[in-house]
Amino acid sequence: MCGIVGAVAQRPVSEILLEGLHRLEYRGYDSAGIAVINAEKKIERVRAVGRVAALAEKLNEAPVVGFVGISHTRWATHGEPAERNAHPHLSQQRVAVVHNGIIENHQLLRENLQQKGYQFTSDTDTEVVVHLIDSYLEQSLSLVDAVRKTVAQLEGAYALGVISTEEPDTLIAVRQGSPLVVGLGLGETFIGSDVQAMLRVTRQFVYLENGDFCVLTCEQRCIYDKDFQLVERPVKESTVGSFSSDLGQYSHYMHKEIFEQPIAIQATLEGRLEAHKVKPCIRGEGVMETLAEVESVQIVACGTSYHAGLIAAYWMEELTNIPCRVEVASEYRYRRCAPHKNMLFVTLSQSGETADTLAALEKVKQEKSILASLSICNVDESSLVRESDFSLLTAAGPEIGVASTKAFTTQLVVLQLLIALLLQAKGEAESMVTQIVEDLKKLPIIIESILEKDSQIKQMAEQFIDKNNALFLGRGDQYPVAMEGALKLKEISYIHAEAYPAGELKHGPLALVDGEMPIIAVAPNTHLIEKLKSNLEEVRARGGVLYLFADQAAEIQADEQVHIINMPNIPDLIAPIVYTVPLQLLSYYTAVFKGTDVDKPRNLAKSVTVE
Ligand code: F6R
């Protein structure tokens with residue numbers, strides 16, 4: 001999703017901006033651009049469709065030099081990926097703007113501006129912002145006032161970076177809904193959509209709040225709140241490790257990240273387990289007292305994170321007897337929800353910047369309908385973490401591949417820690433907590449053993465290359481694992497895939513079964529195995545071809561219709577985490593064989609900061 005980088009410094013900023021854009025590439029984008037104010041106080045702009053490397057090439061041929069500048073990676077929302085739609089957008093060669101988010105009332109604003117004689121050169125919603133600012137400059141307003149008057153008219157979520165020849169030493173930044181961080185250097189200031197963009201130049205950051213308006217020069221950094229009162233926002237030192245873009249032995253980040261799962265899980269558990277209990281590792285004051293009062297849990301998330309929530313609900317109700325509901329954030333945020341007593345509101349997010357998840361949290365905070373909010377997140381300084389009462393971090397390390405892998409399995413790990421802490425806070429079931437602790441300790445080694453099946457799974461994937469559809473089956477807490485398997489396959493290999501709880505087959509999807517559509521099932525040896533085996537027989541009897549990840553103890557026989565990857569005997573509680581891994585590899589290799597852009601699948605973005 002769109003990324004912003006800006007800088008005001010006492011040295012040329014193009015290199016800094018370009019490096020920042022490279023660091024935001026993981027978010028997904030289709031074009032990139034940069035604008036600086038040069039020594040003659042003129043705006044110079046370069047834009048390119050495709051990768052940041054294409055922009056770099058253009059800049060190499062025709063460098064732009066200036067001490068103040070803004071840059072952008074665009075993920076198309078309004079208007080196709082094309083150079084004329086790429087940011088920065090200009091008005092009258094006097095203002096340049098980069099924007100992340102969506103201006104909902106752009107149509108009306110565009111019509112008004114057209115009546116005033118402004119010519120639009122793009123299909124974007126952003127272009128209204130730059131012309132609107134210019135229209136106020138035309139009335140002799142200062143740059144600050146022109147931007148203020150403009151944002152007062154904007155509806156929607158946005159982060160903006162603005163420069164103008166009228167005040168060539170100033171960079172203006174505004175945050176309303178979309179993430180934006182200010183980076184503080186010595187006599188220089190930066191803005192970025194996240195801290196990663198600026199880690200090369202600083203580790204000191206100010207996290208802007210909604211409504212914040214910043215006027216930045218080399219000497220001054222003034223931040224005004226939504227009422228335009230000057231405010232002091234805390235300066236935080238980032239602890240985020242500067243991620244390496246080194247793929248090492250791997251061809252894709254997704255493959256590397258699948259293989260990083262044992263280490264990521266180890267890091268997530270580090271210092272959090274004792275022999276018979278989990279250490280209080282949730283951040284926030286009075287957390288254990290609050291957990292003791294919890295009588296219901298609502299989990300809200302999107303995509304893969306939502307699937308982690310679905311699995312956790314099975315565990316939560318089974319182990320704690322606390323009612324647990326799960327919903328996708330884009331639905332939850334817009335409906336009237338019946339309040340539940342003493343509800344812990346849990347948001348799950350790899351990035352901590354997902355717009356719908358943040359909006360759902362905002363909604364329950366405004367309604368004051370919850371006991372407390374807890375975010376489970378992989379990014380410490382993210383918006384979600386900062387907006388929640390409590391946070392429980394995963395330590396997966398940066399995930400660069402768009403398809404989430406290690407972030408998902410580490411989310412499941414911390415969800416088990418949360419369940420253990422709920423049990424501990426309520427003084428219940430020490431034996432259950434001991435079981436969780438013991439099983440979690442085994443997890444990294446078990447996952448290592450699954451990763452050894454890499455080449456076997458690769459062979460299986462070869463049979464998926466020419467398929468158009470696939471059906472994933474699971475039962476109990478393996479049903480969301482099947483959902484996650486289907487999501488991974490469709491997002492990176494573009495094969496249509498659906499997941500069903502195996503018991504539902506005969507209520508409709510059995511009609512689809514033929515020799516063409518592969519049916520993938522996850523079959524650990526749990527209390528549901530015999531039920532699942534009957535469901536698989538129903539498929540076989542109708543000529544379906546099965547691809548199974550099955551516990552040997554389940555004694556399922558392989559034949560020309562039944563292809564099996566044997567799975568080790570593992571504790572039930574961690575089975576969903578373990579069975580996710582071969583499904584990730586199956587999708588990965590299918591995509592590799594199909595030749596898709598595995599790490600940056602079409603139309604998708606890593607961090608979904610618009611609704
Ligand atoms: C799929 C995937 C997405 C994300 C979703 C939520 O592989 O990565 O479905 O899970 O966009 O993102 P986060 O977890 O950052 O809130």
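Both ligands and their constituent atoms are indexed starting at 1 by order of listing.
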K.L.:
Before accepting this row, confirm whether a basic side-chain N of the pair K256/E260 lies closer than 4.0 Å to the acidic partner's carboxylate O.
P.N.:
yes
K.L.:
Of all residues at least two apart in sequence or in a different chain, which pass the salt bridge (charged side-chain N to carboxylate O under 4.0 Å, His left out) check with K488?
P.N.:
E484, E491
K.L.:
How would you list, by chain and number, every residue that makes a side-chain hydrogen bond (donor to acceptor under 3.5 Å, both in side chains) with Y494, sequence neighbours excluded?
P.N.:
none
K.L.:
List the protein residues in contact with ligand 1, where contact means a heavy-atom separation under 4.0 angstrom.
P.N.:
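For ligand 1, the residues that come within the 4.0 Å heavy-atom cutoff are C302, G303, T304, S305, S349, Q350, S351, T354, V402, A403, S404, K488, E491, V608.
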K.L.:
Are Y332 and F345 near enough that their ring centres are under 6.0 Å apart?
P.N.:
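Yes, close enough.
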K.L.:
Would you please name every residue forming a side chain to side chain contact (heavy atoms under 4.5 Å, CB included) with K279, sequence neighbours left out?
P.N.:
E274
K.L.:
Taking E331 first and then R335, would you say they form a salt bridge - that is, a charged N and a carboxylate O separated by under 4.0 Å?
P.N.:
no
